[in-house]
Amino acid sequence: MTLDIAYFAWVRERMGMAAETVALPAGIATVGDLVRWLAARDARGARAFAEPGRIRAAVDGAMVGADAPIGDAGEVALFPPVTGG
Amino acid sequence: MTLDIAYFAWVRERMGMAAETVALPAGIATVGDLVRWLAARDARGARAFAEPGRIRAAVDGAMVGADAPIGDAGEVALFPPVTGG
Amino acid sequence: MIRVAVRAEAIDVAAELAAHDAGGHGASASFVGRVRGDGGLTELFLDHHPAMTAAGLTALAEEAARRWTLDASTLIHRVGAMAPGDTIVLVLASSRHRAEALAACEYLIDRLKTDVMLWKRESFADGRVAWVEERGADRARAARWG
Amino acid sequence: MIRVAVRAEAIDVAAELAAHDAGGHGASASFVGRVRGDGGLTELFLDHHPAMTAAGLTALAEEAARRWTLDASTLIHRVGAMAPGDTIVLVLASSRHRAEALAACEYLIDRLKTDVMLWKRESFADGRVAWVEERGADRARAARWG
């Protein structure tokens, strides 16, 4: 299964890319699983996701928690807490 | 003793004038005294000051209560509760 | 900086905003009140005191500057005869911090309704002419500020 | 009427106000936020999500329209690179009643800080570049609205 992942703010900078399409290994069921997998994948992921508690996520445009299932989502967005206005 | 009196809103309309200078009779010590005297003076005053509870006053530019002394004030303003904004 | 005006001429909101904003303030809150044509209203007339009305606006702006850290405030109130759609009042409050700008703006318009020497008279298409009565809701909102 | 925009171009406050005010609303409250040049800040950059940022603004405006009786609301947020003095955000809320316009405007700017997909990065004259951290005060203000 492939998944589009979009990164924002310092997550994007630390990942060195705005988006990627990954082939998800078996066993990645939730957003939390995905973040842990990315953190373990390479040095960039380790830096971007060193503090999972500071990461927020959206699945197909809807804000979700770490325990949200990825299911057959088209896009998962990973980013820090927002700071607009 | 003479006193300038200014009227506003429906007090002005009922008095038929925006301002007047009056020679105060002895015994008119407070704003409340002045209002009662104007109400007794003529038909216009009777109509303008029929309900003293609805009258507000300022002495020389400062909002005051009915028991405020007139003293040697230059101007007393009499008017309904304000409705600006 | 405090800027206050009581005038019979139309209020040019964009021009007032530009004058106010020349300081490049971090956060600016505004309130604009306009004449509503409710119930066939054809004219709104505002009576005022030549000196006390402007003094009252200035006193309000000064009190707001004591309560909040403001960079600038502007209070413009129109008086005389107005038509539906005309701007009656413009309040602008600026601060480095949005909470202060928003609170000061709300304070200024709430207090303006109860503390400043202004009186509204409404004329309607059917010939009725009536002075607006003091509103309990306005007194209650103004009283919130202690 | 709800009007929402997320754009890289400068926000023309007077033009947005004119567009919003075309309805001749009785009471209009606004908030304008500008880039402050504090601490030698030379650039503010705002990252956003191509679809979710605008959708978030629309959702906020819709929620405000459920909570208050509004005639119109406008939310314009700039993104990309900005300089000190530039307008970042404009919020306008109009109603027949001033209390509703004021409350809706404050709600929109408070929630915008915590609920919409936007991220600020600051660059300073000394070369420092840092993403702005989430502010506890912003969370607390937003939480007031329940």
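Values in this document were obtained by computation on a predicted structure and should not be read as measured data. In what follows, chains carry the letters A, B, and so on, assigned in the order in which the sequence lines appear, proteins first and then strands, with residues in each chain numbered from 1.
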key: Choice from Gly85(D), Ala14(D), Gly33(D), Ala99(D) maximising heavy atom contacts with chain C below 4.5 Å   = Ala99(D)

request  = Please look at Ala103(C) and chain D and tell me whether the side chain, the backbone, both or neither of the residue comes under 4.5 angstrom of a heavy atom of that chain.
outcome  = neither

remark   = When the 4.5 angstrom heavy-atom criterion is applied to Ile109(D) and chain C, the contacting part is both

task = Go through Ala101(D), Ala18(D), Ser94(D), Ala27(D) and name the one with the most non-hydrogen pairs under 4.5 angstrom from chain C.
result = Ala27(D)

request  = Could you check which of Leu92(D), Leu17(D), Val89(D), Val32(D) has the highest count of heavy-atom pairs closer than 4.5 Å to chain C?
outcome  = Val32(D)

query = Any side-chain heavy-atom pair from Arg34(C) and Asp21(D) closer than 4.5 angstrom?
reply = yes

task = Give, for atom CZ of Arg96(C) and atom CZ of Arg36(D), the distance between the pair rounded to the nearest 0.5 Å.
result = 4.0 Å

Heavy-atom proximity to chain C below 4.5 Å, by part of Asp38(D) = side chain

query = Is chain C contacted by the side chain of Arg98(D), its backbone, both, or neither, given a heavy-atom distance below 4.5 Å?
reply = both

request  = Using non-hydrogen atoms and a 4.5 Å limit, figure out which bit of Ala137(D) sits close to chain C: side chain, backbone, both or neither.
outcome  = neither

query = In terms of heavy-atom pairs under 4.5 Å with chain C, which of Val13(D), Asp138(D), Asp86(D) leads?
reply = Asp138(D)

request  = Count the heavy atoms of every other residue, nucleotide or ligand shown that sit under 6.0 Å from CZ of Arg7(C), and state whether that count exceeds 12.
outcome  = yes

ask   = With a 4.5 angstrom heavy-atom cut-off, which part of Leu102(C) approaches chain D: side chain, backbone, both or neither?
value = side chain

Between Ala15(C), Ala93(C), Ala29(C), Cys105(C), the one whose heavy-atom pairs under 4.5 Å with chain D are most numerous = Ala29(C)

